[in-house]
Amino acid sequence: MEKVRVALADDHPIVLMGVREVIERDDRFEVIGEAHNSSELMALYREQRPAIVITDYNMPGDQTYGDGIKLIEYLLRNFPDTRILILTMLSNPLILSSLYDLGVSGVILKNGDLDEILVALKALAQNRIYRGPGMQSASSVLASGDDVEGRIARLSVKEYEVLRHFVSGMSVRDIALLLNRSVKTVSAQKISAMRKLDVDTDQALLTFCVMANLFL
């Protein structure tokens, strides 16, 4: 039986090593290459045409294809036959739900059991969407009574992207250029996010994100 071809992408070599080790336990799957950034991932796509790619959501340092939603949208648009499994530290249920809405086939949390990867791969190989036990609904978090989590859960995926890059030190203009949005749009999304998080200054926004471990 022909093996299902899988490509891996993560900027942490130890994560790649761990994921490869898990996948190689099952002879139905074959790791055909590894990438440390989105440009390397694009090269893998074009050369190897994997059936499935397992990629981190946050892979900073690559301005050509970016990471996060920008990278995912590019992959879905240009390689529609390849199924995408996101491996991430991201924990905001609303953002995770939005990734499914974009068209990814599964999301796995890095702080969970890596053996879950094989369960997800089996689902994807059967053309099914994988939703693991770590995937809470956004409504359950909003109803939990946790004010911090509730505020975070109100962010849209695009607002989250803007905040992620802002907290990393980028200006609104730089973010607009990176995400291919207008400065006015990025500014409006940042202001909307601040309103949802109930902060009124840039310093308060940065403090909130650090204290909430929002972008680990």
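Being a predicted model, the structure only gives us computed values, none of them experimental. The first residue of the sequence shown is numbered 1, and numbering continues consecutively from there.
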Verify, without hydrogens or angle tests, whether [X] (side chain) and [Y] (backbone) share a donor-acceptor contact under 3.5 angstrom.
X: Tyr100; Y: Tyr130; answer: yes
X: Arg151; Y: Leu197; answer: yes
X: Thr55; Y: Ile86; answer: no
X: Asn78; Y: Tyr74; answer: yes

All side-chain contact (heavy atoms from CB on, under 4.5 Å) counterparts of Glu159, not counting sequence neighbours
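Partners of Glu159 by the side-chain contact (heavy atoms from CB on, under 4.5 Å) criterion, ordered by chain and then number, come out as Leu155, Ser156, Gln189, Ser192, Ala193, Lys196.
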
I'd like to check [X] versus [Y] (side-chain heavy atoms, cut-off strictly below 4.5 Å). Are they in contact?
X: Ile69; Y: Tyr57; result: yes
X: Glu40; Y: Asn37; result: yes
X: Lys70; Y: Leu178; result: yes
X: Met42; Y: Leu71; result: yes
X: Leu206; Y: Phe166; result: yes
X: Val6; Y: Arg83; result: no
X: Leu124; Y: Leu85; result: yes
X: Thr64; Y: Ser39; result: yes

Does [atom1] belonging to [X] count more than 12 external heavy atoms closer than 6.0 Å?
X: Asp101; atom1: CG; answer: yes
X: Arg173; atom1: CZ; answer: no
X: Gln126; atom1: CD; answer: yes

Salt bridge or not between [X] and [Y]? Use side-chain N to carboxylate O under 4.0 Å.
X: Glu161; Y: Arg164; result: yes
X: Lys110; Y: Asp56; result: yes
X: Glu73; Y: Arg77; result: no

Measure the spacing between [atom1] of [X] and [atom2] of [Y] and express it to the nearest 0.5 Å.
X: Ser171; Y: Leu177; atom1: OG; atom2: CG; value: 9.0 Å
X: Ile108; Y: Ile54; atom1: CD1; atom2: CD1; value: 6.5 Å
X: Leu118; Y: Phe29; atom1: CG; atom2: CZ; value: 7.0 Å
X: Thr88; Y: Met59; atom1: OG1; atom2: CE; value: 11.0 Å

Run the salt bridge (Lys or Arg N to Asp or Glu O under 4.0 Å) test on Lys190 and Asp202 for me, step by step, so that the C-alpha distance in whole Å, both residues' side-chain angles and the decisive distance to 0.1 Å come before the verdict.
CA-CA 10 Å; Lys190 175 173 171 282; Asp202 286 353; 2.8 Å; yes

Asp115: which residues meet the salt bridge (Lys or Arg N to Asp or Glu O under 4.0 Å) condition with it, sequence neighbours left out?
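By the salt bridge (Lys or Arg N to Asp or Glu O under 4.0 Å) rule, Asp115 matches Arg25.
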
Side chain to side chain contact (heavy atoms under 4.5 Å, CB included) for Thr82 and Ile52? Distances and angles first, verdict last.
CA-CA 5 Å; Thr82 301; Ile52 298 172; 5.6 Å; no

Among all residues two or more places apart in sequence or in another chain, which pass the side-chain hydrogen bond (donor to acceptor under 3.5 Å, both in side chains) test with Asp26?
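Only Arg28 meet the side-chain hydrogen bond (donor to acceptor under 3.5 Å, both in side chains) criterion with Asp26.
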
